[in-house]
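This report refers to the structure that appears directly beneath it.
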Amino acid sequence: CTHDPSSLNSKVNDGDLVIFFNYKHSKLYDSMVARGAMMFPTENITHRLRNRATQLKELDAITKFPLKREYIEAFTGIPKPNKDLPIMKTGDNHQGIGKYKFPDAPRKMLRNESVVYEEFVENHRGIRVLIIDEDVFLIEQINPDTWIKNDRPVDEVTYHWNTEKEKTIEWLSCAEQLVSDARMLHFTLGGSLIGIDYAVGDSKIGLLEANDMVGIPDN
């Protein structure tokens, strides 16, 4: 186990199994694939989900909970969020990096980076449906200080759908709808581990994104 990419790169040989959970180092991931390493998550799903715009265009055509979005494939300059689609996501970063809400805007210049403008679900709860093979978990990441719920949440609530279905529905009335939708996306994408993130508001649910490099609850 290492957090040093250069160390990992120098040690991996043909046929090694590498469990790789770091979106920031996609070039390193690809170099290890090229050298014959067996990667988890597998390259077919990682390459499919890596580009935010590509994955959202595909998933919005499948999910029951698409959001309104506009895409710019390669933007150069300083983009500005707008009132109609107040959420702006730049590049393919995760964990709250490169995400802004009107009227906040990035201060740095973008160079040929993708930009997604997105509808906002007011007063939403951040819910992740985590699927590990046949097991399904519903996780709420709680952060009252920011609209990005998974950015250093102050609390996390987890239910195991397979054994706590009634409790989960009592906790979250739309849980069965989310599980059904996430399973459909999982079936389409494949892979043995995937997290599907939703914004659950009082009157609207919106699909946010899918991740194959996703945290697993301690319990």
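Please read all numbers here as calculations on a predicted model, not as lab measurements. Position 1 is the first residue of the sequence, and the numbers go up from there.
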Do Thr46 and Met213 have side chains that approach each other closer than 4.5 Å (heavy atoms only, starting at C-beta)? yes
Looking at CD1 of Ile196 and CZ of Arg183, how far apart are the two atoms once the value is rounded to the nearest 0.5 Å? 12.5 Å
Does the pair Leu59 and Leu189 meet the rule for a side chain to side chain contact (heavy atoms under 4.5 Å, CB included), with working shown? CA-CA 9 Å; Leu59 298 183; Leu189 294 169; 4.0 Å; yes
Main chain of Leu178, side chain of Asp181: is a donor-acceptor contact present, judged purely on distance under 3.5 Å? no
Measure the shortest side-chain to side-chain distance between Asp197 and Ile127 over non-hydrogen atoms and say whether it is less than 4.5 angstrom. no
List the atom of Leu172, the atom of Arg125, and the distance in Å for their closest heavy-atom pair. CD1-NH1, 3.5 Å
Considering only heavy atoms from C-beta outward, does the side chain of Leu138 approach that of Trp171 to under 4.5 Å? yes
Rounded distance [0.5 Å steps], CD1 in Ile72 versus OG1 in Thr90: 11.5 Å
Heavy-atom pair with the smallest gap, counting every atom of Phe137 and Asp135: CE1-CB, 3.9 Å
Joint hydrophobic cluster, Leu207 plus Leu85, side-chain heavy atoms closer than 4.5 Å: no
Examine Ile205 and Val157 and state if one hydrophobic cluster contains both, with Ile, Leu, Val, Met, Phe, Trp and Tyr joined whenever side-chain heavy atoms are less than 4.5 Å apart. yes
Could you measure the distance from the CG atom of Leu67 to the CG atom of Asp60? Nearest 0.5 Å is fine. 6.5 Å
Cluster question for you: counting only ILVMFWY and a side-chain heavy-atom cut-off of under 4.5 Å, with indirect links fine, are Val179 and Phe187 together? no
Any Glu209 side-chain heavy atom under 4.5 Å of Gln55 side chain: yes
Nearest atoms (heavy-atom pairs only) where Val115 meets Met88: CG1-CG, 3.7 Å
Taking Lys89 first and then Glu118, would you say they form a salt bridge - that is, a charged N and a carboxylate O separated by under 4.0 Å? yes
Hydrophobic clusters here meaning ILVMFWY residues chained together by side-chain heavy-atom distances under 4.5 Å, can you tell me if Ile62 and Val116 are in one? no
Does a side-chain heavy-atom distance below 4.5 Å link Phe40 with Phe20? no
Should the pair Arg128-Glu140 be classified as a salt bridge under the 4.0 Å nitrogen-to-oxygen rule? no
Reported OG-to-OH distance for the pair Ser114 and Tyr71, which is rounded to 0.5 angstrom: 10.5 Å
Check whether Thr158 reaches the backbone of Ile139 with its side chain - one donor and one acceptor, N or O, closer than 3.5 Å. no
Single-linkage hydrophobic cluster Tyr198~Val121, side-chain heavy atoms < 4.5 angstrom: no
Is it true that the NZ or CZ of Lys101 lies under 6.0 Å from the centre of Phe120's six-membered ring and within 45 degrees of the ring axis? yes
Run Asp30 and His47 through side chain to side chain contact (heavy atoms under 4.5 Å, CB included) and show every step you take. CA-CA 9 Å; Asp30 290 344; His47 289 166; 2.9 Å; yes
Tell me, with the steps shown, if Lys64 and Ser180 meet side chain to side chain contact (heavy atoms under 4.5 Å, CB included). CA-CA 10 Å; Lys64 297 175 184 176; Ser180 175; 3.7 Å; yes
Under 3.5 Å: donor-acceptor pair, side chain of Tyr29, backbone of Glu43: yes
Is there a donor-acceptor pair under 3.5 Å between the side chain of Thr76 and the backbone N or O of Asn112? yes
On the six-membered ring of Tyr159, is Lys167 placed so that its NZ or CZ lies under 6.0 angstrom from the centre and within 45° of the ring axis? no
What's the shortest heavy-atom distance between Glu113 and Gly91, and which atoms? OE1-CA, 3.5 Å
Salt bridge check: are Lys165 and Glu176 linked by an N-O gap of less than 4.0 Å? yes
If you draw a 6.0 Å radius around CG in Leu17, do more than 12 non-hydrogen atoms from other residues or ligands fall strictly inside? yes
Is the shortest distance from a Lys or Arg side-chain nitrogen in Glu119 or Lys204 to a carboxylate oxygen in the other one below 4.0 Å? yes
Any non-hydrogen side-chain atom of Ile45 less than 4.5 Å from a side-chain atom of Ile194? yes
Does some side-chain heavy atom of Leu110 sit less than 4.5 Å from a side-chain heavy atom of Ile78? no
Is there a side chain to side chain donor-acceptor pair (under 3.5 Å) between His124 and Asp202? Walk through the geometry before answering. CA-CA 7 Å; His124 72 272; Asp202 296 333; over 6 Å; no
Using side-chain heavy atoms (C-beta onward) and a distance below 4.5 Å, is Ile131 in contact with Leu193? no
Decide yes or no on side chain to side chain contact (heavy atoms under 4.5 Å, CB included) for Leu49 and Asn211, but give the supporting numbers first. CA-CA 7 Å; Leu49 295 180; Asn211 297 292; 5.8 Å; no
Examine distances only and state if a side-chain atom of Asn51 and a backbone atom of Thr54 form a donor-acceptor pair shorter than 3.5 Å. yes
Ala175 versus Trp161, closest heavy-atom pair with distance: CB-CZ3, 3.8 Å
Closest non-hydrogen atom pair between Gly15 and Met38, with its separation: O-CE, 3.1 Å
Check whether more than 12 heavy atoms from other residues, nucleotides or ligands sit under 6.0 Å from atom CD of Glu134, and answer yes or no. no
Does Arg35 come within less than 4.0 Å of Asp14, counting only side-chain N to carboxylate O? no
